[in-house]
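For reference, positions follow the sequence shown, starting with 1. It should be emphasised that the depicted structure is a prediction, and the values quoted were computed from it without experimental measurement.
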Amino acid sequence: MQLSKHFTLEEMEKSQTATRKGIKNKAGSGEIKNLGDLCYEVLEPVRAKYDKPDTITSGYRSPELSEAIGSKATSQHCSGEAVDFEIAGVSNLQVALWLTNNVNFDQCIMEFFDKDDPAGGWIHVSYKDGSNRKQVLTYDGKSYTNGLPDAKWSDGKMQN
């Protein structure tokens, strides 16, 4: 099922962990609506900006799958409001900086960010229809900090 021009329900439900553990990971109608909103409001603008495919590493998660990977059933992934992704060849920090300044979102987290590897980790972003906090966090694997890491920019590109 096509959720938007470039994103499908299949890629949002895909999970190697669910397959390995025999966990059903199928979104219901409410979750599918939320995933469509997330695609249109966040992922499609990112895709248009970078003109490269977004690689979805985690989209919808059933509550059982969420708990199986050490998360909670209350995660926004379980309601179809969150996705983890990367864009090959573009640093996650660069994408997150553009995203937080150009689209409406609920939460944007640079997950497992390593200042020595700007392409490391991934971007977690969520969207809620009508009530977005615009919360920006960085998680280094140990703790959360407010905001995105500092970066030096020149001509729209991150400088090392």
Side-chain angles (χ1 to χ4, degrees), residues 1-88 90 92-113 119-141 143-148:
M1 172 183 190
Q2 204 69 35
L3 294 170
S4 67
K5 183 176 179 180
H6 296 102
F7 300 95
T8 66
L9 180 59
E10 179 182 42
E11 72 184 307
M12 293 295 178
E13 292 176 332
K14 184 178 180 178
S15 167
Q16 293 176 358
T17 302
T19 300
R20 274 195 316 271
K21 295 185 176 239
I23 297 171
K24 183 180 175 188
N25 194 49
K26 295 293 179 190
S29 60
E31 292 86 7
I32 292 170
K33 186 236 181 258
N34 292 342
L35 287 165
D37 291 346
L38 178 62
C39 290
Y40 277 105
E41 298 296 332
V42 178
L43 295 176
E44 287 292 350
V46 171
R47 168 73 192 242
K49 165 64 179 167
Y50 292 100
D51 196 27
K52 292 182 174 192
D54 302 11
T55 301
I56 306 302
T57 56
S58 183
Y60 172 75
R61 295 183 198 149
S62 67
E64 183 181 0
L65 174 59
S66 196
E67 290 178 1
I69 64 166
S71 188
K72 297 177 182 175
T74 56
S75 164
Q76 285 184 288
H77 285 276
C78 297
S79 59
E81 295 174 335
V83 66
D84 299 338
F85 76 100
E86 299 178 80
I87 300 175
V90 183
N92 290 327
L93 181 55
Q94 181 179 350
V95 174
L97 284 166
W98 184 86
L99 185 156
T100 57
N101 286 294
N102 292 282
V103 302
N104 192 13
F105 65 95
D106 183 52
Q107 192 176 57
C108 180
I109 306 173
M110 287 285 302
E111 299 267 12
F112 290 88
F113 177 76
W122 60 87
I123 300 165
H124 165 98
V125 66
S126 63
Y127 175 84
K128 293 177 79 163
D129 188 24
S131 60
N132 289 295
R133 297 172 287 176
K134 290 226 170 210
Q135 182 181 44
V136 180
L137 301 167
T138 298
Y139 180 68
D140 64 6
S143 62
Y144 288 92
T145 55
N146 286 319
L148 294 174

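For residues 15-41, every residue pair satisfying the salt bridge (Lys or Arg N to Asp or Glu O under 4.0 Å) rule, not counting sequence neighbours, is listed here: Glu13-Lys26, Lys33-Asp37, Lys33-Asp129. Applying the salt bridge (Lys or Arg N to Asp or Glu O under 4.0 Å) rule to pairs touching residues 56-72 yields Arg61-Asp84, sequence neighbours excluded.
Taking 4.5 Å as the limit, every side-chain heavy atom of Asn102 sits out of range of all side-chain heavy atoms of Pro45. Side-chain contact between Arg47 and Ser4 is absent, with no heavy atoms from C-beta onward closer than 4.5 Å. In this structure the side chain of Val83 never reaches within 4.5 angstrom of the side chain of Phe7, judged on heavy atoms.
Of the candidates Gln135, Lys134, Gln76, Lys128, Gln76 is the only one forming a side-chain hydrogen bond (donor to acceptor under 3.5 Å, both in side chains) with Asp106.
The CZ atom of Phe113 sits 9.5 Å away from atom OG1 of Thr145, with the distance rounded to the nearest 0.5 Å. In this structure, Tyr139 OH and Phe112 CZ are separated by 4.5 Å, a value rounded to the nearest 0.5 Å. Between atom CG of residue Leu3 and atom OG1 of residue Thr8 there is a gap of 6.5 Å, rounded to the nearest 0.5 Å. Atom OH in Tyr144 sits 13.0 Å away from atom CE in Met110 (nearest 0.5 Å). The OG1 atom of Thr17 sits 9.5 Å away from the CG atom of Asn25 when rounded to the nearest 0.5 Å. From Leu137, atom CG reaches atom CG of Asn146 across 5.5 Å, with rounding to the nearest 0.5 Å.
Side-chain atoms of Ser126 come within 3.5 Å of backbone atoms of Gln107 as a donor-acceptor pair (strictly under, hydrogens ignored). The main-chain N or O of Glu86 is never found under 3.5 Å from a side-chain atom of Asn92 such that the two would form a donor-acceptor pair. Not one N or O on the side chain of His77 forms a donor-acceptor pair closer than 3.5 Å with the backbone of Tyr60.
Annotation for Ala18 and Leu65: closest pair N-CD1, 3.8 Å, computed over non-hydrogen atoms. The two residues Ile87 and Pro53 come nearest to each other via the heavy atoms CG2-O, 3.8 Å. When all heavy atoms of Val42 and Tyr127 are compared, the closest pair comes out as CG2-CB, 4.0 Å. When all heavy atoms are compared, the tightest approach of Gly147 to Thr138 is O-OG1, 2.7 Å. Between Tyr50 and Trp98, the shortest heavy-atom distance links the atoms OH-CB, 3.2 Å. Between Ile123 and Cys108, the shortest heavy-atom distance links the atoms CG2-SG, 4.0 Å.
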Could you go through Lys49 and Val103, starting from their C-alpha distance and side-chain angles, then the distance that decides it, and tell me whether this counts as side-chain contact (heavy atoms from CB on, under 4.5 Å)? CA-CA 11 Å; Lys49 165 64 179 167; Val103 302; over 6 Å; no

Using side-chain contact (heavy atoms from CB on, under 4.5 Å), reason through Val95 and Asp54 one step at a time and then give a plain yes or no. CA-CA 10 Å; Val95 174; Asp54 302 11; over 6 Å; no

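No more than 12 heavy atoms of other residues, nucleotides or ligands lie within 6.0 Å of CD in Glu10, so this atom counts as exposed by the packing criterion.
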